[in-house]
J.: 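My questions will all concern the structure given below.
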Amino acid sequence: MGPLAVSWPEDPERLAAIQRDLAAATPPPWWPPRGRPILVGGCFCCSPRGTEGRGDAGDEVWAAAVTIASDTGRRVAARVHRGHAGAPYVTGQLARREGVALEAAVRALPVQPDVLLVNATGRDHPRRAGLALHLGAVLDLPTVGVTHRPLLATGAWPADTAGATSPVVLEGEVVGAWMRTRATRRPLVVHAAWRTTPDVAVEVVRLATRVYRTPLPLREARQLARRARGRMSSAASSTSEASKPHERADPAKDR
DNA sequence: GCGACAG
DNA sequence: ATCTTGTCGC
């Protein structure tokens with residue numbers, strides 16, 4: 001795609017209009033090449049600790065993005081971007097809060113992924129265009145949403161075996177799937193988003209998941225964003241910086 | 001009063 | 001998202 005003029009309007013009604021346009025768009029479907037490794041990206045945005053509730057416009061935020069090779073699980077690129085929230089969190093309008101920062105983090109990646117995981121819904125949305133779908137359109141990248149629970153859609157949990165899935169449906173449309181990435185762990189919801197179907201979303205998450213419940217790209221992006229928040233550098237208001245080369249083997253929690 | 005709908 | 005609390009597993 002590309003011609004579609006998409007942005008991150010601050011006005012809720014302008015965002016709603018864009019979401020309706022995005023929902024009606026018919027970009028070419030994408031799916032992972034069979035039998036060949038791909039680059040799977042992930043991005044994540046967090047706010048200062050102690051900030052409960054919806055937050056406010058102008059809140060400091062940290063957005064991280066990573067690119068990971070699906071065959072080795074190795075990180076090939078990572079960036080953290082410190083910026084500001086465009087709005088408080090409002091159901092159905094997450095794009096206004098996190099869109100700008102997430103876009104900046106992904107664009108800063110020296111190696112772009114083939115497909116991007118986003119901590120948000122896609123078609124499961126009041127206007128069928130959640131942040132995961134919106135971000136894909138803006139970046140011209142296929143996207144898959146991954147959340148802890150649906151926004152509006154419903155569906156029964158899958159069997160308690162690794163890899164099991166069950167449909168998540170919104171008004172008759174299958175918009176995603178519950179997916180048991182790890183046996184005995186709570187399932188995640190994987191969402192069809194920009195240029196992806198529920199089946200493709202499941203396959204991408206399968207390719208990107210290793211030993212943890214959370215797919216590697218999302219897990220690493222989350223770690224990077226929170227680590228950056230912890231450092232609390234006193235740099236200027238908005239800056240992009242390379243990730244540090246070394247790793248910490250921390251048995252961190254995996255919510 | 002109750003229930004709740006991404007992050 | 002963040003907070004709290006509890007439990008399980010390495």
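Every chain is numbered from 1 and lettered A, B, ... according to where its sequence line falls, protein lines coming before strand lines. Quantities reported herein were computed from a predicted structural model and do not represent experimental measurements.
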J.: Taking any heavy-atom pair under 4.0 Å as a contact, classify A/Gly53: base, sugar-phosphate, or nothing.
T.: base
J.: For A/Leu170 and B/dA6, give me the distance from atom CG to atom C1', rounded to whole Å.
T.: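 About 13 Å, once rounded to whole Å.
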J.: Between P on C/dT7 and CZ on A/Arg186, what's the gap in Å once rounded to a whole number?
T.: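 One finds 19 Å between P of C/dT7 and CZ of A/Arg186, rounded.
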J.: Among B/dA6, C/dA1, B/dC5, which is the nearest nucleotide to the side chain of A/Tyr89?
T.: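 Among B/dA6, C/dA1, B/dC5, the one nearest the side chain of A/Tyr89 is B/dA6.
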J.: Has A/Arg222 got a side-chain N or O lying under 4.0 Å from the OP1 or OP2 atom of C/dA1?
T.: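 The answer is no; no side-chain N or O of A/Arg222 sits under 4.0 Å from OP1 or OP2.
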J.: List the atom of A/Leu109, the atom of A/Arg79, and the distance in Å for their closest heavy-atom pair.
T.: CD2-N, 3.8 Å
J.: For the pair A/Arg97 and A/Asp59, find out whether any cationic side-chain nitrogen is under 4.0 Å from an anionic carboxylate oxygen.
T.: yes
J.: Can you tell me how far C1' in B/dA4 sits from the matching atom in C/dA1, rounded to whole Å?
T.: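 Taking atom C1' in both B/dA4 and C/dA1, they lie 16 Å apart.
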J.: C/dA1 C1' sits how many Å from A/Leu151 CG, rounded?
T.: 15 Å
J.: Could you tell me whether A/Gly145 contacts a base, only the sugar-phosphate backbone, or nothing, with contacts defined as non-hydrogen atoms closer than 4.0 Å?
T.: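 Contact class for A/Gly145: none.
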J.: Tell me whether A/Glu60 is salt-bridged to A/Arg229, with the criterion being a basic N under 4.0 Å from an acidic carboxylate O.
T.: no
J.: Give A/Thr121 one of three labels, base, sugar-phosphate or nothing, depending on what nucleic acid heavy atoms sit under 4.0 Å from its own.
T.: base
J.: Rounded to the nearest angstrom, tell me the gap between atom NE2 in A/His148 and atom P in C/dT2.
T.: 10 Å
J.: Determine: side-chain N/O of A/Arg149 to OP1/OP2 of B/dA6, distance under 4.0 Å, yes or no.
T.: yes
J.: For A/Pro150, which contact category applies under a 4.0 Å heavy-atom criterion: base, sugar-phosphate, or nothing?
T.: sugar-phosphate
J.: Measure from CG on A/Leu102 to P on C/dA1 and round the result to the nearest Å.
T.: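 Between P of C/dA1 and CG of A/Leu102: 12 Å.
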J.: Taking OP1 and OP2 of C/dA1, is either one under 4.0 Å from a side-chain nitrogen or oxygen of A/Arg49?
T.: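 Checking C/dA1 against A/Arg49, no side-chain N or O comes under 4.0 Å of OP1 or OP2.
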J.: Which whole-number value in Å describes the distance from A/Leu188 CG to B/dG7 P?
T.: 10 Å
J.: Separation of A/Leu131 atom CG from C/dA1 atom C1', in whole Å?
T.: 13 Å
J.: Between B/dG7, C/dC3, B/dC5, which nucleotide gets closest to the side-chain atoms of A/Leu94?
T.: B/dG7
J.: Taking the six-membered ring for Trp, are the ring centroids of A/His134 and A/Trp8 within less than 6.0 Å of each other?
T.: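 Yes: the rings meet the under 6.0 Å criterion.
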J.: Which part of the nucleic acid, if any, lies within reach of A/Glu98 when heavy atoms closer than 4.0 Å are counted: base, sugar-phosphate only, or nothing?
T.: sugar-phosphate
J.: Applying a 4.0 Å non-hydrogen cut-off, can you work out what A/His125 is touching in the nucleic acid: base, sugar-phosphate, or nothing?
T.: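 Base, at least one base atom sits under 4.0 Å.
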J.: Please give me the minimum heavy-atom distance between A/Leu135 and A/Gly99, naming the atom from each residue.
T.: CD1-O, 4.4 Å
J.: Can you check the A/Arg123 CZ to B/dA6 C1' distance for me, whole Å?
T.: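 Atom-to-atom, A/Arg123 to B/dA6, this comes out as 16 Å.
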